[in-house]
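Okay, so here's the structure we're looking at.
In each ligand, atom 1 is the first atom listed, and ligand 1 is the first ligand listed. What you see is a predicted model; the values in this text were computed from it and never measured.
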Amino acid sequence: MRVAMVSEHASPLAVLGGVDAGGQNVHVAALSKALAARGADVVVHTRRDAADLPQRVALAQGAVVDHVPAGPAATLPKDDLWPHMQEFAEGLHARWKQDRPDVVHAHFWMSGWAAVAAASRLGIPVTHTFHALGVVKRRHQGELDTSPADRAQVERDLVRGADRIVATCTDEVFELLRLGAERSRVSVVPCGVDLGLFSPRGPQLERTPGLRRVVSVGRLVARKGVGHAIEALGLLRAGGGPDTELLVAGGPRAEDLATDPEVARLRAVAADAGVADRVRFLGQVARDDLPALFRSADLAVCVPWYEPFGIVPLEAMACGVPVVASAVGGLVDTVVDGGTGLHVPPRSPAAVADAYRAVLDDETWRRGLARAAVSRVRTRYSWDRVAAMTLQAYADLLDSRSRPLSQGVSS
Ligand code: UDP
């Protein structure tokens with residue numbers, strides 16, 4: 001099967017951990033490779049964001065990244081890309097006219113718009129994954145949401161205009177239904193995790209003698225809730241809990257930590273909470289170094305205000321680390337409360353502190369959670385399984401299009 005992935009801002013080749021480079025980059029790269037490993041022929045179209053990039057770069061056997069010109073060949077914030085999507089769509093159309101894919105799979109709303117604009121003129125079916133929904137972002141971020149004003153309407157149009165929608169979790173399905181999606185056109189396929197890289201056995205970052213360790217990994221943006229993880233550490237200390245440090249990965253490169261405004265804000269939170277000496281900012285950590293960081297931890301904390309999916313908890317669980325997670329979005333499906341970690345309400349440092357204490361005070365239970373975490377991730381979240389489910393969604397789509405309308409669509 002010939003698959004055209006469209007991922008306008010999130011190149012599978014990007015460095016992770018910066019403001020706009022996170023789960024979507026990982027998702028598109030890993031899914032493309034896993035589909036190729038199952039015999040699909042995959043081209044990932046992404047915006048050219050540097051002048052010196054070759055037009056095509058091999059990603060794996062059977063998968064290539066294709067750089068499509070759209071706006072300046074320079075890094076731009078993703079919220080500034082919308083005006084360049086017409087040019088991006090024209091580029092896609094020109095490519096697909098020459099070299100027609102069987103199915104297009106678009107990621108994020110701007111890619112979806114461009115993919116539908118290009119593919120509909122050629123009669124190519126489009127599958128769409130939102131990754132994040134503007135209505136949810138607006139609900140949680142209010143005035144802080146810098147998305148273009150058109151986003152909400154484009155997403156409503158896409159919910160009806162895409163031939164099939166692949167949601168990444170059950171919570172997203174409810175949001176899509178509220179936006180007018182037809183349930184029979186929505187498949188649920190989770191994100192996966194690289195089980196070759198993230199595993200319990202292997203090198204470990206050195207421990208600090210006498211301290212328990214909690215880790216947080218992710219982009220340093222307010223909604224990721226790292227501030228709450230820090231406040232909770234303060235409450236743990238004030239309550240006489242085990243002496244614990246918090247290592248925070250993500251944000252700027254290590255050499256730029258001193259001048260980063262979000263790091264400065266979080267350092268102030270740590271000082272106010274009385275744990276400035278127990279919080280360490282690592283800056284961006286290369287993907288290959290993350291397993292050693294996770295393995296060195298007793299617990300991972302992931303307490304965003306909201307989370308469309310959240311790959312980090314899967315990575316932690318795959319390394320044998322239980323997760324304290326807010327019960328939002330994809331984390332409701334991935335983390336089993338009392339089974340592979342603990343759920344807490346979002347924006348609740350006191351609940352996070354209680355969860356830290358419950359797990360850190362009971363090593364036998366902690367180890368049980370860790371074992372269950374590894375087995376859950378191995379059975380449900382391999383990229384190979386995710387690729388098989390995705391191919392099934394493509395097959396359902398092609399099947400529904402090949403049948404006369406009177407036979408209806410498949411579920
Ligand atoms: N990540 C990384 N280095 C960092 C911070 C994050 O490699 O310093 C990776 C992390 O391991 C995960 C991805 O970036 O694979 C973040 O994905 P997630 O779905 O958790 O959040 P998003 O960034 O998409 O909101």
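Minimum interatomic distance between F309 and L331 (heavy atoms only, all atoms of both residues): O-CD2, 3.5 Å.
Counting heavy atoms only, K224 comes closest to atom 22 (P) of ligand 1 of the residues R253, E307, K224.
Atoms of ligand 1 found under 4.0 Å from any heavy atom of R223, numbered from 1 in the order shown, are 25 (O). Shown in contact with G310 at under 4.0 Å from a heavy atom are these atoms of ligand 1, numbered in order with element: 19 (O), 20 (O). Listed by atom number, the atoms of ligand 1 under 4.0 Å from Q284 heavy atoms are 8 (O). Listed by number with element, the atoms of ligand 1 under 4.0 angstrom from any heavy atom of G250 are 5 (C), 8 (O).
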Side-chain donor/acceptor pairs under 3.5 Å, residues 168-177, sequence neighbours excluded:
from	atom 1	to	atom 2	distance (Å)
T168	OG1	E172	OE1	3.2
T170	OG1	D333	OD1	2.8
T170	OG1	D333	OD2	3.2
E172	OE1	T168	N	2.9
E175	OE1	R139	NH2	3.0
E175	OE1	R178	NH1	3.3
E175	OE2	R139	NH1	2.9
E175	OE2	R178	NH1	3.4

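At a 4.0 Å cut-off, not a single heavy atom of H131 sits close enough to ligand 1 to count as contact.
Of the heavy atoms in L290, only side-chain atoms (C-beta onward) come closer than 4.0 Å to ligand 1. If you look at V26 next to ligand 1, the close heavy atoms, those under 4.0 Å, all belong to the side chain.
At least one N or O atom of V285 sits closer than 3.5 Å to an N or O atom of ligand 1.
Legend: residues meeting salt bridge (charged side-chain N to carboxylate O under 4.0 Å, His left out) with E315, ordered by chain and number and at least two apart, are R287.
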